[in-house]
Amino acid sequence: MSLSEQKIIRINKLNEIKILGINPYPSKEYLINNTAENIRKNFINKKKVSIAGRLMRLRILGKASFGEIKDHTGRIQIYLNKDNLYIDNVKKEDVYNVFLKKLLDIGDIIGIKGFLFTTKMNEITINVKELTLLSKSIRPLPQVKISKDKKIYDEFSDVEQRYRMRYVDLIVNDKVKNIFLKRTKIIKKIRNFLDKKGYIEVDTPILQPIPGGAVARPFITYHNSLGIPLYLRIANELYLKRLIVGGFNGVYEFSKNFRNEGMDRYHNPEFTVLELYVAYKDYYWMMNFTEKLITSIFMEFNYKVKHNKIYDPIPFSRISMLDSIKKYTGFDINNMNKSDLIKICIVLKIKYENKWNKCKIIEHIFDEKCKKNYVDPTFIIDYPIEMSPLTKKHREKKNLSERFELIINGQEIANAYSELNDPIDQFYRLKKQIKYKKELKNNNNTFIDEDFIRSLEFGMPPTAGIGIGIDRLIMLLTGNKSIQEVLFFPQMRPKK
RNA sequence: GACCUGGUAGCUCAGCUGGUAGAGCAUUACACUUUUAAUGUAAGGGUCCUGGGUUCGAAUCCCAGUCAGGUCACCA
């Protein structure tokens with residue numbers, strides 16, 4: 001037989017099931033009154049139960065069999081005995097020897113009614129009285145075996161197949177589901193935290209006529225009846241600020257952003273950022289707020305810093321970007337010009353390009369020499385102003401801006417600032433940035449969102465804003481090294 | 001975009017300097033009424049990622065492509 005030998009066999013079984021008069025895909029609701037987890041936690045001998053799930057294992061021992069079924073809460077063992085098993089519509093003599101032994105397969109979804117007991121081996125088990133086929137599986141599952149001491153054999157581990165067929169990954173790899181359950185809990189926790197403060201969750205456009213708020217290549221699409229190109233948002237920042245102008249005191253959005261750039265372990269073309277804007281606050285306030293938010297999440301989800309020590313809620317340290325560079329390179333780059341900075345790159349053996357501007361070089365020095373040193377949560381503050389076109393000039397320090405990034409485990413987790421609300425300065429700064437970007441990458445796709453400028457002209461209160469990379473935060477808290485592991489369906493190149 | 005590694009049965013993998021394609025689990029058949037990585041006996045199952053080349057002969061060597069992973073570069 002060809003490559004789908006096992007599939008052909010199962011399709012034949014499907015037909016035989018129909019001949020027996022059983023619908024392999026019945027419509028009727030199946031009533032359950034329990035779950036695998038609850039049965040294990042609250043075992044009562046001889047208690048009648050009804051549950052449904054996927055058959056994951058079947059061990060036939062003559063006239064009795066043991067199996068394992070898995071529902072949304074976990075696995076539970078079942079016991080099937082030839083003498084007292086009933087299947088609706090199936091003749092008594094066919095129930096065990098035909099239906100169970102020949103037609104039932106691992107992967108089938110079944111409902112069972114029976115009572116609880118413990119086996120000689122002290123395993124909580126359901127003695128099945130009645131079995132109902134709820135959905136026939138015609139494709140074999142990978143056979144992952146888990147021993148009593150939780151060792152995994154023949155794990156379904158091919159990353160490509162796991163991501164392309166996440167449904168299979170979720171069925172056979174128990175730990176995968178937990179990552180995503182945790183993801184949901186973390187997001188819920190953040191939402192709760194923000195709701196309690198009275199901030200409003202909002203939705204802003206994903207299809208934007210001008211992709212603003214960040215610098216990145218957007219995905220372009222086209223609206224037929226408007227006859228215009230639209231862009232999938234690269235950020236939602238400019239829209240949330242419009243809402244602050246409109247009178248909201250605090251708004252946030254879990255924003256799916258889309259960036260048409262390279263993909264790797266840390267970048268998926270679509271990813272999630274939490275953006276929060278609060279009126280009448282500044283970046284100092286936002287630092288304190290972020291510290292409370294992140295600490296509460298770390299406490300709840302037992303974040304472990306290096307060496308597996310449980311996270312200890314100490315105050316996050318704060319260091320200015322220039323001080324950090326001084327600390328890790330020995331150079332005080334304050335007030336240096338571009339040619340001085342290039343000399344420093346040469347001494348430090350850091351690559352640079354002549355077309356880079358001053359702040360790009362500073363950023364690069366920081367990324368190469370400083371960032372990796374911050375394992376414990378650390379605020380890097382006061383970035384050079386050219387790097388931050390949407391940020392207020394620092395109230396005291398010349399050439400710097402009121403901006404911070406939160407670095408944890410050597411990775412940027414959040415980016416925040418006192419939002420620039422001077423419309424004239426904002427226009428000038430965006431224009432300058434666009435000019436530089438055009439020189440750097442021949443990128444003619446950037447333009448100024450003039451409606452955003454107009455909104456500032458009406459007056460935006462002083463505002464603090466932050467973006468938190470949700471996927472990266474989930475990676476931290478679940479101990480995953482790649483973003484694909486924390487997204488259900490990471491982007492893959494189509495096969496063939 | 002550059003380089004490195006990999007793609008063999010449904011799954012996990014082996015396959016040496018080129019000589020008829022292998023194992024475990026899964027599947028099929030038989031046995032077995034408390035097993036749990038069940039067990040025992042037997043059987044079936046392959047576009048060796050795709051396309052070229054070298055060779056009497058290629059899963060194996062060479063070239064190109066493709067998909068994935070990794071390193072680097074680029075990028076908020």
Side-chain angles (χ1 to χ4, degrees), chain A residues 1-10 12-13 56-68 75-85 96-97 101-102 105-107 117-125 127 137-165 168-169 172-173 213-217 234-235 237 257 259-267 269 271 273 351 353 356 360 363-364 367 383 387-390 405 411-412 414-415 437 440-441 443 467 469 472 481-482 484 490 492-496:
Chain A
M1 278 188 236
S2 69
L3 116 162
S4 54
E5 180 209 23
Q6 299 201 41
K7 204 174 153 188
I8 290 165
I9 290 169
R10 287 198 181 200
N12 289 338
K13 289 180 179 189
M56 297 301 287
R57 182 119 280 135
L58 188 59
R59 298 180 283 273
I60 297 172
L61 317 128
K63 298 183 177 67
S65 300
F66 285 91
E68 234 172 68
R75 294 161 187 253
I76 187 88
Q77 180 165 267
I78 59 175
Y79 174 76
L80 307 120
N81 188 303
K82 183 175 189 283
D83 295 331
N84 40 39
L85 181 64
Y96 194 86
N97 283 334
K101 281 167 86 169
K102 313 250 187 239
D105 282 303
I106 289 168
F117 75 111
T118 48
T119 63
K120 271 198 252 179
M121 306 299 285
N122 211 24
E123 176 96 11
I124 292 173
T125 304
N127 189 328
S137 163
I138 57 168
R139 220 181 248 272
L141 284 173
Q143 285 302 307
V144 179
K145 299 227 163 181
I146 303 159
S147 72
K148 207 69 186 171
D149 52 352
K150 296 273 161 70
K151 266 189 196 147
I152 299 173
Y153 299 83
D154 295 337
E155 185 174 16
F156 180 55
S157 54
D158 184 302
V159 240
E160 182 177 357
Q161 296 212 69
R162 286 182 48 232
Y163 298 159
R164 287 190 195 276
M165 298 191 287
V168 175
D169 194 26
V172 302
N173 292 331
V215 182
R217 265 170 66 195
I234 55 174
E237 169 162 359
N257 294 343
R259 294 185 184 175
N260 203 345
E261 282 165 359
M263 291 165 55
D264 59 35
R265 174 144 56 116
Y266 305 104
H267 300 84
F271 59 101
V273 177
K351 274 189 192 171
E353 287 178 40
W356 289 357
K360 170 79 187 166
E363 188 182 11
H364 194 64
D367 285 349
Y383 283 62
M387 276 163 94
S388 318
L390 299 162
E405 284 194 1
Q411 275 209 30
E412 301 149 29
N415 179 22
K437 286 291 167 185
L440 194 67
K441 323 159 85 179
N443 184 352
R472 301 240 173 116
K481 283 182 226 128
S482 81
Q484 285 85 355
M492 301 288 274
R493 201 184 289 270
K495 251 195 154 162
K496 283 173 196 174

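Only heavy atoms go into these numbers, but all of them, side chains included; no hydrogens, no water, no symmetry mates. So that the names make sense, note that chain A is the first sequence line, chain B the second, and so on, each numbered from 1.
Using C1' as the reference atom, B:A29 and B:C63 are 48 Å apart when rounded to the nearest Å. Using atom P as the reference point in both B:G22 and B:C48, the two lie 14 Å apart (nearest Å). Separating the C1' atom of B:U39 from that of B:C25 is a span of 14 Å, rounded to the nearest Å. To the nearest whole angstrom, the two C1' atoms, one in B:U54 and one in B:C72, are 34 Å apart. Taking atom P on both nucleotides, B:G40 is separated from B:G46 by 26 Å, rounded to a whole Å. B:U27 and B:G10 are spaced 14 Å apart, taking the P atom of each and rounding to whole Å. The same atom, P, is picked in B:G44 and in B:U36; the two are 29 Å apart, to the nearest Å. Going from the P atom of B:U71 to that of B:A37 covers 36 Å, rounded to whole Å.
Ion pair A:Arg162/A:Glu155 not flagged as a salt bridge, since none of the NZ, NE, NH1 or NH2 atoms sits closer than 4.0 Å to an Asp/Glu carboxylate oxygen. In this structure, A:Asp83 does not pair ionically with A:Lys63, as no charged nitrogen and carboxylate oxygen lie closer than 4.0 Å.
Across B:C74, B:U12, B:A68, the shortest atom-to-atom separation from the side chain of A:Gln161 is found for B:U12. Comparing B:A37, B:A68, B:C74 against the side chain of A:Lys148 picks out B:A37 as the nearest.
Here A:Arg164 reaches the OP1 or OP2 of B:A68: one of its side-chain N or O atoms lies under 4.0 Å away. For B:U35, the OP1/OP2 oxygens have no side-chain nitrogen or oxygen of A:Arg59 closer than 4.0 Å. Taking side-chain N and O atoms only, A:Arg493 has a distance below 4.0 Å to OP1 or OP2 of B:A68.
Nucleotide B:G57 forms a pair with no other nucleotide shown, judged by Watson-Crick or G-U wobble geometry with both contacts under 3.5 Å. Base-pair partner of B:U71: B:A2 (Watson-Crick or G-U wobble, both distances under 3.5 Å). Under the Watson-Crick or G-U wobble criterion, with both distances below 3.5 Å, B:C30 is paired with B:G40. Pairing partner, B:U47: none, since no Watson-Crick or wobble contact has both distances short of 3.5 Å. Pairing for B:A21 is absent, judged as Watson-Crick or G-U wobble with the two contacts each under 3.5 Å.
Residue contacts shown for A:Ser157 are limited to sugar-phosphate atoms, with no base heavy atom under 4.0 Å away. Within the 4.0 angstrom heavy-atom criterion, only backbone atoms of the sugar-phosphate kind lie near A:Asp158; the bases stay farther away.
Summary of the strand contacts: A:Lys481 and A:Glu155 both lie near RNA chain B, and taking for each the nucleotide with the nearest heavy atom, the more 5' one is attributed to A:Glu155. The nearest heavy atom of RNA chain B to A:Gly67 and to A:Phe156 marks one nucleotide each, and the one closer to the 5' end goes with A:Phe156.
Separation of atoms CE (A:Met492) and CE (A:Met263) is listed at 8.0 Å; rounding is to 0.5 Å.
Within 6.0 Å of CZ in A:Arg139 there are 12 or fewer heavy atoms belonging to other residues, nucleotides or ligands.
Residues A:Asp264 and A:Gln484 approach most closely at O-NE2, 3.4 Å, considering heavy atoms.
Rounded to an integer number of Å, the gap from CD of A:Glu363 to C1' of B:C74 is 13 Å. The CG-P distance, from A:Leu80 to B:U36, rounds to 16 Å in whole Å. In this entry the distance linking CD1 of A:Ile78 with P of B:A38 reads 14 Å, nearest Å. For the pair A:Tyr266 OH and B:A73 P, the interatomic distance rounds to 12 Å; values are reported in whole Å. Counting to the nearest Å, the C1' atom of B:U12 and the CD atom of A:Glu160 are 16 Å from each other. Atom CD of A:Glu68 and atom P of B:U36 are 12 Å apart (whole Å). What separates CZ of A:Arg265 from P of B:C72 is a distance of 8 Å, to the nearest Å. At whole-Å resolution of the value, CE in A:Met492 and C1' in B:U66 are 13 Å apart.
Looking at A:Ile152 and A:Lys145, their side chains never come closer than 4.5 Å, going by heavy atoms from C-beta outward. A 4.5 Å side-chain heavy-atom check between A:Arg57 and A:Gln143 finds at least one atom pair inside the cut-off.
Residues passing the side chain to side chain contact (heavy atoms under 4.5 Å, CB included) test with A:Lys101 are A:Ile60, A:Tyr96, A:Asn97, sequence neighbours excluded. Every residue meeting the ring pair (Phe, Tyr, Trp, His ring centres under 6.0 Å) condition with A:Tyr79, not counting sequence neighbours, appears here in chain and number order: A:Phe66, A:Phe117.
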Protein-to-nucleotide contact annotation, 5' to 3' order, nucleotides 25-34 of chain B [B base; S sugar-phosphate only; - none; under 4.0 Å, heavy atom]: SBSSSS-BBB
